[in-house]
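Since the structure comes first, as structure tokens, the remarks are kept for the end.
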Amino acid sequence: MHKYWLSFVLSVRDRLAYKTQVLVWLLISSIPTIFMYFVFQYLGNGHEDKYYQSYFILIGIVSILIFVVTEGYVSETIESGQLSTFLMKPYSFLKATTVNFLATPVSKFILTFPVIAILLYYLARLGFVHFTPLRILLLLPALAGGYLIAVSLGYLAAFARFWFEHSYFLNDLYVALILFFGGAYVPTQVFSPQLYGVVRYLPFRFIMSFPVEILLGKSIPALLDFVILVAYLILLWILVVQIYKRGLLRYEAFGN
Amino acid sequence: MKRYLKILWAMIKFSIARMAVNPINFWASFVIPIIWQAITLGITLTVSNKFGVIAGWTVKDLLVLVSTWGLVNGFLNFWCFLSLTRLPLKINSGELDYILTKPVNSLFLSSFSQFGVNNFLNGVSWLLVILIVARGFSLLAFVEFIIACLLSMLMQYSIWILVVTITFYSGRLDETFDLIYSIRNSSRYPMAAYNKTPWAFRWLAIPFVLSSMVPAGILLGKIGINIILIYIAIVIGTTIIAFVFWNTSLKHYSSASS
């Protein structure tokens, strides 16, 4: 455990060393959310505009905190043969990478804490967000679950590299699905009832809009939503471990 | 002219061959844009079903607008986007020498050395959506629409050239490129929908919004002649500035061995 903690601390330090780069990338990745914030403010037209403002601010904060794209790093590690350095050590690649990627949202949070604090204050003024103790208590596992689902989906996309020479298309695919079905471009509340009925059971919603629904919804999400979240966590992690083991059987390190 | 067309055709064949090296990625590269297309259309339908008419644009109008956005960007991605994204690296590493020493216009070779072949079909599929959705337009309106789309591609190409040319003066460009790309992808609504967007962001989005709004407006009969003339003036102005900036900036280029 100690070695993973050390690895995590070093990863946070690494990312904070490039704080300007991180902040610039954060701004660029926030551009679509910023535009949607103002477009939906226009569309809300005095009736729902404050609700949509609250939604996109929360989506922006949630995507800073838990939306990480692990596919690029993991597939590059497999492709270049650097995975061998993990296999030779008493060090689980999956655990190490999952912990190290946690450094990304932690470092982003540290760097953007003043902005997040201002946004949370503005949200409280808008009056649509319910900062009750119960909702905040439910928010924490939702954020943790969303992070683990995002990481797991990234692993699954990256492990295709064990079988295919190039698997970049899977990265595009799963990011597209997360951004749309996760409510990054359009609030899930705007979806038709039929579409929302499907989206509710997909894993993508838990990465983005589910934590937002906890804070913004008229009532707290049903127990069923948390059951679905836990079910996906178990299912995806089993898939990740099994596919990883099978992939390792085919793995040929660089130099073989 | 004939020589340049032969070079273009050779580059297209090379791009296809290069893509086909990996069959799975080759076929996936055609499927993924279609999925993005479906998602984009899904977003448009979801928003318009909820809000109805947006700034005077009905559901059908919005589908034509977003399809025009897809068509312009699809063909632009086919023609020059791949080449332009790699150009800053060539400038910084000195590899631009290999282009400058050839008896071909440097901007031509820099812009059209690699084609995103999969995006050609994506552009065609967006055009099919337009033809299905925007029925009842005249042949003249369709010809004007195509011309307007070509002007939009020219304007966006000029903007990309302006951005890329900055590399001659400053090495760091990745973020600027991604910033512009991000803004381009966010510009899929009518201009009025950005009225509440602060000017700091809005002025960046205006060229990209216009590049889909003007052709779609022409096809649907929603744009007046004065807007069209202003747009043509903007396109011509942007293109001239881009070409002059590129030619002037070449003097600031120092190759790897200098």
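Residue numbers start from 1 in every chain, and the chains themselves are labelled A, B, ... in the order their sequence lines are given, proteins ahead of strands.
Atom OH of Tyr196(A) has more than 12 heavy atoms from other residues, nucleotides or ligands within 6.0 Å. The number of heavy atoms from other shown groups lying within 6.0 Å of CH2 (Trp27(B)) does not exceed 12.
Interatomic distance, OH of Tyr185(A) versus CG of Asn185(B), reported as 7.0 Å (0.5 Å rounding). Atoms NZ and CG, on Lys196(B) and Asp49(A) in that order, are 6.0 Å from each other to the nearest 0.5 Å. For the atom pair Thr46(B) OG1 and Phe180(A) CZ, the distance stands at 4.5 Å (nearest 0.5 Å). Here the CZ atom belonging to Phe191(A) is positioned 8.0 Å from the CD1 atom belonging to Ile43(B), to the nearest 0.5 angstrom. The structure places CD1 of Ile183(B) at 9.5 Å from CD1 of Ile34(A), a figure rounded to the nearest 0.5 Å. Separation of atoms CG (Asn195(B)) and CZ (Phe38(A)) is listed at 12.5 Å; rounding is to 0.5 Å.
At a heavy-atom separation below 4.5 angstrom, chain A is approached by Pro198(B), Phe201(B), Ala205(B) within residues 198-221 of chain B.
Using a 4.5 Å cut-off between heavy atoms, Val190(A) touches chain B through backbone and side chain atoms alike. Heavy-atom distances place both the backbone and the side chain of Ser182(B) under 4.5 Å from chain A.
Of the residues considered (Phe51(B), Tyr181(B), Tyr194(B)), Phe51(B) shows the highest number of contacts with chain A, using heavy-atom pairs under 4.5 Å.
By the 4.5 Å heavy-atom criterion applied to side chains, Ile54(B) and Tyr42(A) are counted as neighbours. With a 4.5 Å cut-off on side-chain heavy atoms, Ser192(A) and Asn49(B) do not count as touching.
Ring to ring, Tyr189(B) and Phe40(A) are not that close: their centroids are 6.0 angstrom or more apart.
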